[in-house]
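Have a look at the structure below before the remarks.
Count residues from 1 along the sequence.
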Amino acid sequence: MPLEYALEMQELLEELALFSAPGPGVTRLLYTPQWREAQLLVLATMSELGLEVRSDPVGNVYGRLEGADPAAKVIVTGSHIDTVVSGGKYDGAYGIAAAVMALGYLRRTFGQPLRTLEAVSFCEEEGSRFPLTFWGSGQVTGLYDGSEAEGVADAEGVTLAAALSGCGLGGEEEAAGNGAVRIAGTGKTALRSDIGAFVELHIEQGVILEKTATQIGIVQAIAGQRRFTVTLDGTANHAGTTPMHMRQDALAGAAEMLMVLERAALEAGEPLVATAGRLEVKPNTPNVIPGEVLFTLDIRHSEEDALERFCNRVISAYEEIAERRGLKLTMTRALCAVPALMDSGLYERLERICREQGRTHRRMVSGAGHDAQLFAPRCRTAMIFVPSRAGISHSPEEYTSPGELAAGLEVLTALLYDLAYKETGI
């Protein structure tokens, strides 16, 4: 692939990073003016590269390279345009910029494919403005039906439905970039049944590739996830007058539980990870025995059975600790996401491509969630990682070198060529 496409990809990433609310890093929340301008830039770039552009009813935007076989399933590649608050310039946006440049190169070099290719910029994945995630890909895959938009609001009380109606992406002509882009509407629903394969290129958001000096990560699975809210009720009492053996100390009970969690996770080994990320203590006063503690658990594993066994082990241990200490235990499951397995045929193709290109590579599990996990149960799905410096992501310090970004683009392009231009495709 000519260097110019990698350079144009880098330029697009830099331009997208300019569409940000004030403050450190990149803040581009769903349906804000910054989000809208970024999506319009993506549309304009797609159009300049000769792709047919359109927006669906929730603001996902597509660039289409029509295939010769109208009956063949569509091959889609891309990621999400939204960010966390004070995030980085690569998370999500890299997968979009690479998808657009890959399709532009394939069109210019090889012409019409056998099977239709589409680059997508999903409107949302992070859940940073509204209390839901995967709003863009969830609309496409049927996780959501749109009715949810009236029931959720941001911190300012603006409902998702109101924000959507005011965002200005849905089928009209819009000024974008160097000119006006005609955006074709897609009807009343974003749901699709014509996708045969989905490929997502992403920064790793972890340290494994950098630490092992590996150029490409080939994702085998996206970890399943369980989240719990744990509440312990004891008895708040005077710190100086209550003997140790007579206490019902909720914080001491929580501390024992957190140590049990860490030991159990270390014993279970990779790829399981377990985190207690939030802790609230009441009354949180130096001279009062804590009477109530709330903490959260985030537990992840790539195998459903192993994940469930570990959670049951932790719950059983917590019940024993609470009973022994005279505490009331309440555990509420807040999230239950099953592991998403990538298509074995596609990650084997990716391994072959890496060997042909002379790139170091490794199979790995993604501990973070991605749009790809919604497609995995519905079509052939692949995910490609490139290194993240120091494993940092969701931060202004997020960084991947231009050479590493270019390597991911070349691997993605080769896979899309295989899928769309060869008779054996998908």
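- Classification of Arg278 and Glu280 as a salt-bridged pair holds, one side-chain N sitting under 4.0 Å from a carboxylate O.
- Nearest approach of Leu279 to Phe295, heavy atoms of both residues: CD1-CB, 3.8 Å.
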Scan the side chains in residues 88-95 for donor-acceptor partners under 3.5 Å anywhere in the protein, sequence neighbours excluded, and list what turns up.
unit_1	atom_1	unit_2	atom_2	d
Lys89	NZ	Glu14	OE1	3.0
Lys89	NZ	Glu14	OE2	3.3
Asp91	OD1	His80	NE2	3.3
Asp91	OD1	His202	NE2	2.9
Asp91	OD2	Gln205	NE2	3.2
Asp91	OD2	His394	NE2	3.0
Tyr94	OH	Leu405	O	2.8

**OP:** Evaluate the side chain to side chain donor-acceptor pair (under 3.5 Å) criterion for residues Glu200 and Ser79: first the C-alpha distance (whole Å), next the side-chain angles of each, then the deciding distance (0.1 Å), finally the verdict.
**Re:** CA-CA 6 Å; Glu200 185 170 9; Ser79 194; 2.8 Å; yes
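- The pair Glu124-Arg129 does not meet the salt-bridge criterion, since no charged nitrogen lies less than 4.0 angstrom from a carboxylate oxygen.
- At distances below 3.5 Å, at least one donor-acceptor pair connects side-chain atoms of Arg36 with backbone N or O atoms of Cys167.
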Subject >> CA sep, side-chain torsions, deciding dist, call: Gln215, Leu209, side chain to side chain contact (heavy atoms under 4.5 Å, CB included) >> reply: CA-CA 7 Å; Gln215 293 175 294; Leu209 293 178; over 6 Å; no
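- Residues Thr212 and Arg362 come closest through the heavy atom pair CG2-NH1, 3.2 Å.
- At least one side-chain heavy atom of Leu16 sits less than 4.5 Å from a side-chain heavy atom of Leu41.
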Original post:
Yes or no on salt bridge (Lys or Arg N to Asp or Glu O under 4.0 Å) for Glu8 and Arg108, after CA distance, side-chain angles and deciding distance?
Top reply: CA-CA 15 Å; Glu8 289 181 25; Arg108 180 178 176 182; over 6 Å; no
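- Looking at Thr285, its side chain never comes within 3.5 Å of a backbone N or O of Val288 through a donor-acceptor pair.
- Rounding to the nearest 0.5 Å places OH of Tyr347 at 13.0 Å from OG1 of Thr381.
- Side-chain contact check for Met364 versus Glu204: some heavy-atom pair is nearer than 4.5 Å.
- Distance CG/Leu335 to OG1/Thr296: 12.0 Å, rounded to 0.5 Å.
- Panel note: side chain Tyr31, backbone Val58; a donor-acceptor pair is recorded below 3.5 Å.
- At a threshold of 4.5 Å between non-hydrogen side-chain atoms, the residues Asp249 and Leu327 do not count as touching.
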**OP:** Applying side chain to side chain contact (heavy atoms under 4.5 Å, CB included), run through Leu374 and Leu143 and close with a yes or a no.
**Re:** CA-CA 8 Å; Leu374 272 66; Leu143 176 65; 3.8 Å; yes
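- Between Glu267 and Arg313, at least one side-chain N (NZ, or NE/NH1/NH2) sits under 4.0 Å from a carboxylate O, which counts as a salt bridge.
- Taking CD from Glu319 and CG from Leu329, the interatomic distance works out to 6.5 Å, rounded to the nearest 0.5 Å.
- A donor and an acceptor atom, one from each side chain of Asp298 and Thr275, are nowhere located under 3.5 Å apart.
- Side-chain atoms of Ser147 and Asp145 form a donor-acceptor pair, as typed in the model, at a separation below 3.5 Å.
- Leu160 has its side chain within reach of Leu132: a pair of non-hydrogen atoms, C-beta onward, lies under 4.5 Å apart.
- The closest side-chain donor-acceptor pair between Ser401 and Glu404 falls under 3.5 angstrom.
- Judged by distance alone, with hydrogens and angles left aside, the side-chain atoms of Lys73 form no donor-acceptor pair with the main-chain N or O of Cys379 at under 3.5 Å.
- Other residues, nucleotides and ligands place no more than 12 heavy atoms under 6.0 Å from the CD atom of Glu323.
- Thr413 places a side-chain N or O within donor-acceptor distance of the main-chain N or O of Leu409, the cut-off being under 3.5 Å.
- When all heavy atoms of Ser388 and Thr400 are compared, the closest pair comes out as CA-OG1, 3.9 Å.
- Taking both residues in full, the closest heavy atoms of Ala254 and Val293 are given as CB-CG1, 3.7 Å, listed atom of the first, atom of the second, then distance.
- Ser302 places no side-chain N or O within donor-acceptor distance of the main-chain N or O of Ala223, the cut-off being under 3.5 Å.
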Subject >> Arg64 and Glu66: CA distance, side-chain angles, deciding distance, salt bridge (Lys or Arg N to Asp or Glu O under 4.0 Å) verdict >> reply: CA-CA 6 Å; Arg64 184 179 177 97; Glu66 193 72 37; 2.7 Å; yes
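- Note on ring orientation: taking the six-membered ring where Trp is involved, the planes of Trp135 and Tyr144 are tilted (angle from 30° to 60°).
- Atom CD in Gln139 sits 7.5 Å away from atom SG in Cys123 (nearest 0.5 Å).
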Original post:
Which is it for Glu118 and Arg192 under the salt bridge (Lys or Arg N to Asp or Glu O under 4.0 Å) test, yes or no, and what are the steps along the way?
Top reply: CA-CA 13 Å; Glu118 288 188 355; Arg192 297 185 60 176; 2.6 Å; yes
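- A distance of 9.5 Å separates CG of Leu232 from CG of Leu251, quoted to the nearest 0.5 Å.
- For Glu156, the CD atom is loosely surrounded, since the number of other residues' heavy atoms within 6.0 Å does not exceed 12.
- Nearest approach of Glu210 to Gly391, heavy atoms of both residues: OE1-N, 4.4 Å.
- Using a 4.5 Å cut-off on side-chain heavy atoms (C-beta onward), Ile75 and Ile195 make no contact.
- Val230 is not listed as a side-chain neighbour of Thr330, based on a closest heavy-atom distance of 4.5 Å or more.
- Annotation for Glu304: atom CD counts as buried by contact number, over 12 foreign heavy atoms lying within 6.0 Å.
- Remark: side-chain polar atoms of Asp82 are not paired, donor with acceptor, to backbone N or O of Leu29 under 3.5 angstrom.
- Under a 3.5 Å cut-off, the side chain of Thr242 and the backbone N or O of Asn237 do not form any donor-acceptor pair.
- A 4.5 Å side-chain heavy-atom check between Leu191 and Val140 finds every atom pair outside the cut-off.
- Looking at Ser366, its side chain does come within 3.5 Å of a backbone N or O of Ala368 through a donor-acceptor pair.
- Ionic pairing of Arg28 and Glu126 is not present here: no N-O contact between side-chain nitrogen and carboxylate oxygen is shorter than 4.0 angstrom.
- Proximity of a side-chain donor or acceptor of Ser128 to a complementary backbone N or O of Thr83 within less than 3.5 Å is detected.
- The environment of CZ in Arg363 is crowded: more than 12 heavy-atom neighbours from other residues, nucleotides or ligands sit within 6.0 Å.
- Taking 4.0 Å as the cut-off between side-chain N and carboxylate O, Glu292 and Lys328 do not count as a salt-bridged pair.
- Side-chain N/O atoms of Ser395 and Glu397 include no donor and acceptor closer than 3.5 Å.
- Aromatic ring centres of Phe385 and His361 lie farther apart than the 6.0 Å criterion allows.
- The pair Arg389-Glu398 does not count as a salt bridge, with every side-chain nitrogen at least 4.0 angstrom from each carboxylate oxygen.
- Of the inter-residue distances, the one linking Glu15 atom CD with Glu37 atom CD reads 12.5 Å to the nearest 0.5 angstrom.
- Listed here is the closest heavy atom pair of Phe122 and Asn60: CA-OD1, 3.3 Å.
- Using a 4.5 Å cut-off on side-chain heavy atoms (C-beta onward), Ile222 and Val365 make no contact.
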